[in-house]
Q: 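Right, I'll just put the structure down here and ask away after.
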Amino acid sequence: MRIVTWNINSIRIRVDMIREFVEKHNPDILCLQETKVEDDSFPHKEMQQMGFGYRVVRGEKSYNGVAILSKIPITEADRLVFVNEQSRHKTVVTESGIEIHNFYVPAGGDIPCPDTNPKFKHKLDYVDHAAEWFRRYRSKEDKIILLGDLNIAPGKKDVWSHRQLLDIVSHTYMEKFHFHKLMKSLEFSDIVREQSEIEDKIFSWWSYRNKDWKKSNKGRRLDHILASPGIRNQCKKHKIYTEFRDYKRPSDHAPVLLEMSL
DNA sequence: ATGGTTGGGGTCCAA
């Protein structure tokens with residue numbers, strides 16, 4: 001089974017790019033963030049034509065929006081959603097009993113201070129709330145994949161410059177603290193990092209604001225795929241499709257794939 | 001230290 005997370009930054013203008021990705025790399029389940037579309041305008045027909053017969057979506061005008069698109073049967077949707085404000089969380093359970101949580105964590109604004117910046121406080125609270133929810137209501141034996149745009153680069157090698165980003169939202173101490181609390185809630189494994197060399201810099205996002213993203217390579221790893229202990233041994237390999245950051249009118253995020261055995 | 005770009009909706013906000 002091939003499962004992909006991708007912050008698409010508006011689904012409507014990137015249908016062709018999604019189609020090319022699906023034809024080339026054949027994901028069974030595609031989890032999207034920042035669809036930026038209300039539910040009645042979601043491109044259901046196009047996604048159906050790509051083979052996604054199961055679609056669980058929640059969007060709003062202009063901002064946010066998440067979707068889980070699947071070629072394989074979904075037996076339940078959103079029973080396990082812990083909070084669904086602002087279209088940031090969708091869950092499904094597949095016919096093989098895998099529980100998928102697709103998250104779009106708040107970006108948090110520019111100022112890394114919860115007292116003066118409500119967006120940053122919202123981000124910290126959101127991750128904290130998620131960690132508490134998993135700790136209380138789910139167990140390590142459950143087969144859980146937690147993925148999405150978590151908007152936090154947790155490790156020194158998840159940013160282009162650890163020192164220069166210590167006070168930049170996405171890499172601050174407080175965000176990393178909450179990220180680790182989420183990791184510890186069910187002893188999640190960070191699959192992409194575990195399957196990589198510890199000294200390798202790994203990015204999934206590059207700002208639009210760099211003239212030549214590839215040359216400057218000032219990236220961050222904001223998109224994650226975490227696996228609970230109950231499913232960890234079914235995780236086979238991962239891939240980050242950086243070439244899609246080079247697509248004509250790309251998203252600023254690249255798709256991240258996890259291949260699993262059933 | 002600053003500003004750089006993109007998308008959506010509407011001439012600004014969020015990322």
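Bear in mind the structure is a predicted one, so any value in this text is a computation, not a measurement. Labels below follow one simple rule: chain letters A, B, ... track the order of the sequence lines, proteins then strands, and each chain is numbered from 1.
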Q: Evaluate the ring planes of A:His89 and A:Phe103, with Trp represented by its six-membered ring, and classify them as parallel (under 30°), tilted (30 to 60°) or perpendicular (over 60°).
A: parallel
Q: Going by the salt bridge (Lys or Arg N to Asp or Glu O under 4.0 Å) test, which pairs reach into residues 196-214 of chain A, not counting sequence neighbours?
A: A:Lys214-A:Asp246
Q: May I ask you to check whether A:Tyr126 and A:Asn151 show a side-chain donor-acceptor distance below 3.5 Å?
A: no
Q: Where along nucleotides 10-15 of chain B does protein come under 4.0 Å, by heavy atom, of base (B) or sugar-phosphate alone (S), with - for untouched nucleotides?
A: ----SB
Q: Say we look at B:dG4 and B:dA15: how far apart would their C1' atoms be, to the nearest angstrom?
A: 14 Å
Q: How do A:Lys211 and A:Arg12 order along DNA chain B: which one's closest nucleotide is nearer the 5' end?
A: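 The answer here is A:Lys211.
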Q: B:dT6 P sits how many Å from A:Arg14 CZ, rounded?
A: 10 Å
Q: Write down the distance between CD1 (A:Ile13) and P (B:dG9), rounded to a whole number of angstrom.
A: 11 Å
Q: What distance, rounded to whole Å, do you find between the two P atoms, one in B:dA14 and one in B:dG9?
A: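 My reading of the P atoms in B:dA14 and B:dG9 gives 15 Å.
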Q: Side chains of residues 38-52 of chain A: which donor-acceptor pairs under 3.5 Å do they make with residues two or more places apart or in other chains?
A:
from, atom 1, to, atom 2, distance (Å)
A:Asp39, OD1, A:Gly59, N, 2.7
A:His44, ND1, A:Arg55, NE, 2.8
A:Gln48, OE1, A:Arg55, NH1, 2.7

Q: Any idea how A:Tyr173 and A:Phe177 line up, ring-wise: parallel (<30°), tilted (30 to 60°), or perpendicular (>60°)?
A: tilted
Q: Side-chain contact, heavy-atom cut-off 4.5 Å: A:Thr5 with A:Gln33?
A: yes
Q: With rounding to whole Å, what would you report as the distance between B:dG7 and B:dG3 at their P atoms?
A: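 These two P atoms come out 22 Å apart once rounded.
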